[in-house]
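Both ligands and their constituent atoms are indexed starting at 1 by order of listing. The structure displayed is predicted, hence computed values, not measured ones.
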Amino acid sequence: MPTFQKNLENLATLALRLGVNLQPGQRLVLIGPVEAVDLLRRIARQAYELGSPHVHVELLDEQMGLIRALHAHDDTLDTVDEERTAMLKAKLERGDAYVRVSGSDPDLMAPADPARVARITKAASVANRPVGDLVQRAHMPWTILAYATPAWARKAFPDLPEAEAVAKLWDAIFAATRADQEDPVAAWEAHLAQLQRANDHLNARGYTALHLKAPGTDLRLGLADTHVWESGGSAALVNGARFVANMPTEEVFTAPHARRVDGVISSSKPLSYQGRLIDRFQLTFRDGEVVGVTAEQGQAALEKLLEIDEGARRLGEVALVPHQSPISQGGLLFYNTLFDENAACHVALGRAYETTMKDGTQRPLEDLQADGFNQSYTHVDFMFGSEALDVDGERPDGTLEPVMRGGAWAF
Ligand code: ZN
Ligand code: ZN
């Protein structure tokens, strides 16, 4: 088999064996862009070979989203597809595994009015809440991985001819997901064990806050009471199977305290949000809430994001990624959060993950919120990490310990 075909086959294997850890008899929901049909077919075939009784496939053409944003009548933008949400919810509630392939054009929505895009996005995220809940609570195993679409490759390598750009992006995806290794599953097991070591250290130290310092960043980021650090794999509630939600994943992450974040934080990489680029921006926090925002590019889109709801102005995730991670060392800006967030330390505006709270998937939401868990309809990551980042952990008695120095683990 030629190398490219072999790597693509490996990616399908990783999605099923590590990503969702598909079990014989378990159904699969498989959603991805039309451009990715060759990968989707491989995943479907391997799923049947592993004993899945049925694979539900949705091929998406993202141009349809742009067409709607440009041409739908203004008074129809809040209309949502309730029937599709109900169908997905029923499948996932049953415990079907869920594989999502992404490959969006980062500039897709550039021709559309951001206010119209924001309305469509908000209506969809409210309507999709039942599905989002199942995902966030790790009800069933799910994973997201990427496919090098031409539109995305052109954005990542603007100076190359399209075919070359696509080939380069594939090389970067295969390297980041370890799909190009001789035994990709074994390579992942070794990687997950390393993440676990950092994860265990952070949980053992019991920090109440992190202090982030870098050029343009000076933030005291309180951690939620009863937060837990998480990395790599999670256990699905429905069958207890360990799944890996993001391929690649390099992060160790937890829940900030929604009401205890103070200071300023500056982005270290552009954020591609709803088809728009937001770049070189700074957020000022007081008592957990964003009270000031400046962006050299995409300020309007950033303000729209902050206006989605009350929780969109607060943090729901802080993730530590060593600057030495393979994705970071590659130096490529992917314009895709799945990759870029694994290149650098990041925080997310919006909803926190229940899995980053002690017994979080079993406790009532109000209980979690009392401990500082942030609730929102959105969750958008942005990067603040660099080789100039220092992180200290604050112990319950107020003493500080080094966690990262110059973007590398300090323990
Ligand atoms: Zn993250
Ligand atoms: Zn995130």
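Aromatic ring centres of Trp170 and Phe4: separated by under 6.0 Å. Between Phe382 and Phe281, the ring center distance clears the sub-6.0 Å criterion. Checked against the 6.0 Å centroid threshold, Tyr353 and His379 count as a close aromatic pair.
Arg286 CZ: 12 or fewer foreign heavy atoms inside a 6.0 Å radius.
Contacts classified as side chain to side chain donor-acceptor pair (under 3.5 Å) and involving residues 397-410 (residues at least two apart or in different chains) are given here: Arg205-Glu401, Tyr207-Glu401, Asp392-Arg405, Asp397-Thr399.
Remark: side-chain polar atoms of Ser52 are not paired, donor with acceptor, to backbone N or O of Ala47 under 3.5 angstrom.
Here the protein contributes Glu251 OE1, Glu317 OE2, His346 NE2 as N, O or S atoms under 2.8 Å from the Zn ion (ligand 1).
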